[in-house]
Amino acid sequence: MSNKIAPIRSVKGTRDLLPPETGLWQRVEDESRRTFAAYNFQEIRTPILEATALFSRSVGEDTDIVMKEMYTFDDRDRESLTLRPEATASVVRAYIEHSLFNEGRLHKLYYIGPMFRRERPQKGRYRQFYQIGAEVLGSDHPSIDAEMLEMLVLLLERLGLSGFSLLLNSVGCSKCRPQYVKTLRQALQSVKANMCADCQRRADTNPLRVLDCKVEADQPIIERLPHIVEHLDPECRQHFDAVTADLDERGVAYTLSPRLVRGLDYYTRTTFEITSSVLGAQNALLGGGRYDGLSEMIGGPPTPGFGVAIGEDRLVLAVAEAAKDKTGPAASQLDVYIAWMGDAALAPATVLARQLRRDGLRVEIGYEPAKLKKSLGLASKLGARFAVIIGEGELSTGRYQVKDMSAGAQKELEPAQIAEYLKAALAK
RNA sequence: GUGAGCGUAGCUCAGCUUGGUAGAGCGCCAGACUGUGGAUCUGGACGUCGGGGGUUCGAAUCCCCUCGCUCACCCCA
């Protein structure tokens with residue numbers, strides 16, 4: 001009976017972004033580009049598709065991302081490809097591939113684009129999600145870390161956010177971190193019996209993750225576990241102290257978070273995260289850190305690096321939340337609606353529309369003949385600031401009616417005067 | 001991968017407990033108002049009640065299965 005076919009929907013965890021919401025995304029991206037430019041970052045665009053090995057080597061063979069979240073498939077020639085789950089590895093790959101390290105300076109790069117991870121979707125977490133990232137390659141100077149954090153705080157402020165906090169930690173380097181993990185594992189042996197089931201498991205598989213546990217009853221136990229910052233080797237300790245001192249000088253507020261552990265293997269020394277209370281369970285707005293060993297992991301020369309990934313979906317969520325209290329109505333999307341009546345008016349109306357558009361005005365014109373009443377209704381619905389009325393009377397006098405939609409007043413003008421008049425009126 | 005909640009008009013939702021064959025608000029269309037929108041009034045269109053099966057004389061309502069969405073766990077941006 002029913003021969004109706006089921007409509008095709010967007011795949012799970014992906015979504016369409018429609019106007020007017022896309023306006024918010026544009027604002028977030030514009031503000032990001034402007035802020036990055038102020039700190040002399042330039043845009044890099046890398047492919048969304050990469051060789052699978054790029055991520056398994058850099059992000060880490062036994063991380064959740066690589067083990068169970070990547071969209072990986074064999075290309076027709078059997079090469080294993082992956083939809084990028086993050087972009088830092090790609091940026092470093094490009095840096096190596098184009099020998100940018102030969103230029104004898106550091107590189108400050110940013111990117112904006114989609115990433116893919118096959119997780120169960122929830123608030124602030126999607127299978128196709130967007131990251132805005134920035135990377136500094138070619139130096140391990142602590143001021144790079146501090147400057148980036150200063151920049152990020154500026155960006156969030158410019159976007160009107162206030163309820164966020166910067167969490168800071170150091171995870172040491174390839175030399176001192178294993179020592180610490182060993183110490184931590186030993187410390188856990190005696191107390192893990194009193195902890196939640198997850199922690200008992202993590203105590204053996206990934207002790208660092210225990211520090212991240214949110215179970216209330218475990219907190220006092222975690223408080224007493226050794227902190228990594230107390231087990232850094234002298235070089236890492238000195239680096240971390242320099243970063244915090246620099247942040248203090250810049251007046252950037254932060255909270256030392258000995259329990260901040262990041263989930264990607266390539267991080268060394270400084271790690272950070274900015275969280276926001278408006279986001280729900282996925283409260284990390286952005287995160288990142290230093291990755292001094294990453295280049296070598298993927299076959300490049302030793303190259304220190306520091307970077308951030310901002311969750312654009314979450315940032316948009318937070319900005320929308322912050323803007324809720326403000327009463328400001330949405331800005332008008334349209335400057336002029338041209339209402340014409342009668343076949344004879346179509347050609348002059350089209351000419352006027354073209355002229356106004358060339359003058360940079362946002363113009364809409366009805367395509368089908370319509371009564372004036374209907375046209376003005378449409379103009380109103382579209383939020384047009386002005387309407388131009390062209391009918392029999394206007395054609396005979398050669399002067400068109402220009403109506404201010406909010407005031408209701410209208411004025412008779414010759415076609416040649418309209419552009420100037422509207423531009424002046426709209427500038428107010 | 002696991003758990004919970006929810007799927008009824010374009011949107012937001014009521015109706016379900018106590019089965020009797022579908023409602024509100026908003027939006028949309030038209031008219032009152034023959035070339036002047038936003039207000040008001042009047043009228044109108046629009047539903048496989050997510051899908052399938054079962055119970056029943058009768059199912060949006062009860063039962064089973066299934067799909068989808070959402071939130072949470074996990075992990076991260």
Side-chain angles (χ1 to χ4, degrees), chain A residues 1-4 6-7 9-13 15 59-60 63-69 84-88 112-133 152 196-199 201-202 205-206 209 212-215 260-264 267 271-276 279-289 307-318 337 339-342 345 369-395 401-410:
Chain A
M1 187 72 184
S2 169
N3 56 358
K4 212 170 156 186
R9 308 162 44 86
S10 64
V11 317
K12 186 199 282 285
R15 62 218 217 282
V59 172
T63 58
D64 277 9
I65 292 175
V66 170
M67 281 194 303
K68 51 191 194 195
E69 295 176 1
R84 65 182 185 191
E86 62 112 35
T88 299
I112 299 176
M115 310 294 157
F116 302 84
R117 291 181 200 171
R118 200 182 182 292
E119 298 181 88
R120 194 76 171 265
Q122 72 186 72
K123 185 172 185 179
R125 190 172 77 184
Y126 308 96
R127 290 183 174 184
Q128 175 174 335
F129 60 104
Y130 296 80
Q131 286 189 338
I132 300 173
L152 294 170
C196 70
D198 282 337
C199 282
R201 175 175 51 77
R202 295 184 193 121
T205 59
N206 193 348
R209 289 248 76 88
D212 221 17
C213 178
K214 287 156 195 140
V215 175
L260 177 62
V261 178
R262 318 232 79 248
L264 284 67
Y267 284 117
T271 59
F272 65 92
E273 194 169 294
I274 290 184
T275 59
S276 164
L279 291 179
Q282 305 304 319
N283 67 348
L285 209 47
L286 59 87
V308 62
I310 304 170
E312 187 175 3
D313 309 76
R314 294 177 187 178
L315 187 53
V316 167
L317 212 59
Y337 188 90
W340 56 274
M341 285 145 298
K371 291 180 186 171
L372 182 58
K373 185 177 171 62
K374 177 156 173 103
S375 293
L376 288 178
L378 209 48
S380 185
K381 194 186 296 179
L382 293 172
R385 307 261 309 267
F386 288 88
V388 175
I389 300 165
I390 309 174
E392 259 181 64
E394 287 74 20
L395 290 177
Q401 300 287 341
V402 178
K403 183 182 178 80
D404 182 327
M405 294 298 287
S406 56
Q410 54 190 59

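Numbered from 1 within each chain, the chains take letters A, B, ... in sequence-line order. Note that the structure is a prediction, hence the values are computed from the model and not measured.
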Rounded to whole Å, please give me the gap between [atom1] in [X] and [atom2] in [N].
{"X": "A:Leu382", "N": "B:G38", "atom1": "CG", "atom2": "C1'", "answer": "13 Å"}
{"X": "A:Lys123", "N": "B:C73", "atom1": "NZ", "atom2": "P", "answer": "12 Å"}
{"X": "A:Gln122", "N": "B:U70", "atom1": "CD", "atom2": "C1'", "answer": "10 Å"}
{"X": "A:Leu317", "N": "B:A77", "atom1": "CG", "atom2": "P", "answer": "17 Å"}
{"X": "A:Ile310", "N": "B:C76", "atom1": "CD1", "atom2": "P", "answer": "19 Å"}
{"X": "A:Leu279", "N": "B:A72", "atom1": "CG", "atom2": "C1'", "answer": "15 Å"}
{"X": "A:Arg127", "N": "B:C75", "atom1": "CZ", "atom2": "C1'", "answer": "14 Å"}
{"X": "A:Glu273", "N": "B:A77", "atom1": "CD", "atom2": "C1'", "answer": "9 Å"}

Could you write out each protein N or O paired with an N or O of nucleotides 1-3 of chain B at a distance under 3.5 Å?
| unit_1 | atom_1 | unit_2 | atom_2 | d |
| --- | --- | --- | --- | --- |
| B:U2 | O4 | A:Arg120 | NH1 | 2.2 |

Quiz item: Which sits closer to the 5' end of RNA chain B, A:Arg117 or A:Val11, going by the nucleotide each is nearest to?
Solution: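 Mapping each residue to its closest nucleotide by heavy atoms, the 5'-most match is A:Val11.
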Quiz prompt | Closest-nucleotide ordering on RNA chain B, the 5'-leading residue of A:Ile274 and A:Gly280 | solution =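 It is A:Gly280, whose closest nucleotide lies nearer the 5' terminus.
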Describe the nucleic acid contact of [X] in one word from base, sugar-phosphate, nothing, applying a heavy-atom distance below 4.0 Å.
{"X": "A:Leu285", "result": "sugar-phosphate"}
{"X": "A:Ala309", "result": "sugar-phosphate"}
{"X": "A:Tyr126", "result": "base"}
{"X": "A:Gly124", "result": "base"}
{"X": "A:Arg9", "result": "sugar-phosphate"}

Watson-Crick or G-U wobble partner of [N], both distances under 3.5 Å:
{"N": "B:C74", "answer": "none"}
{"N": "B:G68", "answer": "B:C6"}
{"N": "B:A24", "answer": "B:U12"}
{"N": "B:A32", "answer": "B:U40"}
{"N": "B:A45", "answer": "none"}

With rounding to whole Å, what would you report as the distance between [N] and [M] at their [atom1] atoms?
{"N": "B:A32", "M": "B:G20", "atom1": "C1'", "value": "41 Å"}
{"N": "B:G54", "M": "B:C73", "atom1": "P", "value": "41 Å"}
{"N": "B:G27", "M": "B:C46", "atom1": "C1'", "value": "12 Å"}

Quiz item: Hey, is the side chain of A:Gln282 poking within less than 4.0 Å of OP1 or OP2 on B:C76, counting only N and O atoms?
Solution: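 No, because none of the side-chain N or O atoms of A:Gln282 sits under 4.0 Å from OP1 or OP2 of B:C76.
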Exercise. Going 5' to 3' through nucleotides 32-37 of chain B, assign each nucleotide B (protein heavy atom under 4.0 Å from a base atom), S (under 4.0 Å only from sugar-phosphate atoms) or - (no protein heavy atom that close).
Key: -B-BBB
Practice problem: For A:Phe386, check ring-ring contact (aromatic ring centres under 6.0 Å, His included) against everything at least two apart and list the hits. | Solution: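 For A:Phe386 there are no ring-ring contact (aromatic ring centres under 6.0 Å, His included) partners, ignoring immediate neighbours.
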